[in-house]
Amino acid sequence: MNRTVLLVIAHGSRDPRHAATVQALVRRAGALRPGLRVETAFLDFNLPSVAGVLDRLAADDVRDVVALPLLLTRAFHAKADIPAVLRQAPPSLRIRQAEVLGPSPLLIAAVERRLYEAGLTPGDKSTTGVVLASAGSTDPEAIAVIAETARELRRTGWCSVRPAFASASLPRTEEAVRLLRADRGVRRVAVAPYVIAPGRLPDRIAAGATGADVLADVLGPSSELAALLVERYDGARATRVPVARTA
């Protein structure tokens, strides 16, 4: 049995759908790797907390942990919040922080899965414009990754793809929908939420999609995301340096 525990760290939300979706995704990832112990923790709003799970793992005599940020971009939570709480972990734990989920071809595949589930087909690609709507960030690196993800999605054959944001950045979803409507090559407009779980910001994306023809679901517990969690776990075990501890 693999003795390195996978700890998936989500942001958390007051919306109960968020935690339920995270737990479903984590269960699906665990099913891909029988024998792997997988735990879930939240930075805010939900329990268990990251500190609480780390204490429990130490009490169970676990020695090695891969901490995986359940985040699509490497913004403030991945750069500051998560490393800070990991540095406070019990000293008996050897912790590696995995890379965030994006960018990845598996995320592009998950977005397309949700678009097809919403009623589109591969044959619709050449005449459909897509709004790739993310939560938003003030971090330039995160914004650049979203823009590149939109370009990668466009390269799969969609007529046009525009990034949009629910907060912190522009354009908003409704503005991106309007711009795609003005594109003469676009016959229909679809909004693809580039978010993992339901919550306040995904609801804001949905509200801004009223002018679109198609609104896809959040990425959720898709097979692609589950496979990506395991991929990031394997990568961290193989290459990542353990988290430095507070002196």
Side-chain angles (χ1 to χ4, degrees), residues 1-13 15-43 45-74 77-78 82 85-86 89 93-118 135 149 192-199 202 216-240:
M1 180 179 292
N2 198 310
R3 296 178 62 85
T4 302
V5 173
L6 170 59
L7 173 59
V8 179
I9 302 176
H11 181 269
S13 171
D15 189 321
R17 297 173 298 168
H18 175 91
T21 300
V22 169
Q23 296 286 7
L25 172 59
V26 172
R27 285 194 299 272
R28 189 163 194 177
L32 295 176
R33 187 65 58 84
L36 172 63
R37 179 174 174 179
V38 185
E39 299 281 350
T40 308
F42 298 89
L43 286 173
F45 302 116
N46 303 105
L47 293 174
S49 67
V50 179
V53 173
L54 291 172
D55 287 344
R56 175 158 49 84
L57 292 176
D60 290 346
D61 292 325
V62 169
R63 290 292 176 264
D64 290 289
V65 177
V66 166
L68 171 57
L70 196 65
L71 302 168
L72 297 176
T73 60
R74 191 172 176 271
H77 293 306
I82 291 176
V85 72
L86 295 180
L93 295 176
R94 182 171 182 263
I95 303 175
R96 292 179 174 87
Q97 182 175 330
E99 297 288 353
V100 297
L101 300 183
S104 169
L106 286 168
L107 290 172
I108 299 295
V111 169
E112 292 200 300
R113 172 190 292 276
R114 295 306 188 217
L115 286 167
Y116 296 150
E117 290 172 350
T149 301
Y194 192 61
V195 291
I196 294 172
D217 201 356
V218 298
L219 300 178
S222 66
S223 58
E224 293 85 0
L225 257 68
L228 184 53
L229 263 61
V230 174
E231 181 179 296
R232 292 290 187 256
Y233 167 80
D234 288 338
R237 287 188 67 219
T239 64
R240 296 290 285 177

Original post:
So, do L229 and L101 sit near enough that their side-chain heavy atoms are less than 4.5 Å apart?
Top reply: yes

Subject >> Heavy-atom pair of closest approach, residues V65 and V62 >> reply: CG2-CG1, 4.0 Å

Original post:
L57 versus R37: any side-chain heavy-atom pair under 4.5 Å?
Top reply: yes

Original post:
Rounded to the nearest 0.5 Å, what separation is found between the CG atom of L43 and the NE2 atom of H11?
Top reply: 6.5 Å

**OP:** Taking the side chain as every heavy atom from C-beta outward, state whether V38 and Y233 have any pair of such atoms under 4.5 Å apart.
**Re:** no

**OP:** Return the minimal non-hydrogen interatomic distance between S223 and R113, and the atom names on each side.
**Re:** OG-NH2, 2.9 Å

**OP:** Find the distance between CG (L6) and CG (D64) and round it off to the nearest 0.5 Å.
**Re:** 13.0 Å

Subject >> Test side chain to side chain contact (heavy atoms under 4.5 Å, CB included) applied to L107 and I196, T149, L228, the passing residue >> reply: L228

Original post:
Do D217 and P193 touch side chain to side chain, with heavy atoms closer than 4.5 Å?
Top reply: no

**OP:** Evaluate the side-chain proximity of L219 to L25: yes if any heavy-atom separation is below 4.5 Å, no if none is.
**Re:** no

Subject >> Value rounded to 0.5 Å, distance of CZ in R63 from OG1 in T4 >> reply: 12.5 Å

**OP:** Would you indicate whether the side-chain heavy atoms of I82 and L71 approach each other to under 4.5 Å?
**Re:** yes

Original post:
Once you round to the nearest 0.5 Å, how far does CZ of R232 lie from CG of L225?
Top reply: 10.5 Å

Subject >> Residue pair V195 / A135: nearest heavy atoms and the distance that separates them >> reply: CG1-N, 3.8 Å

Original post:
Looking at side-chain heavy atoms only, is the closest gap between T40 and V53 below 4.5 Å?
Top reply: no

Original post:
If you take all heavy atoms of A29 and V230, which pair is closest and at what distance?
Top reply: O-CG2, 3.7 Å

Original post:
Side chains of L86 and I9: closer than 4.5 Å at any heavy-atom pair?
Top reply: yes

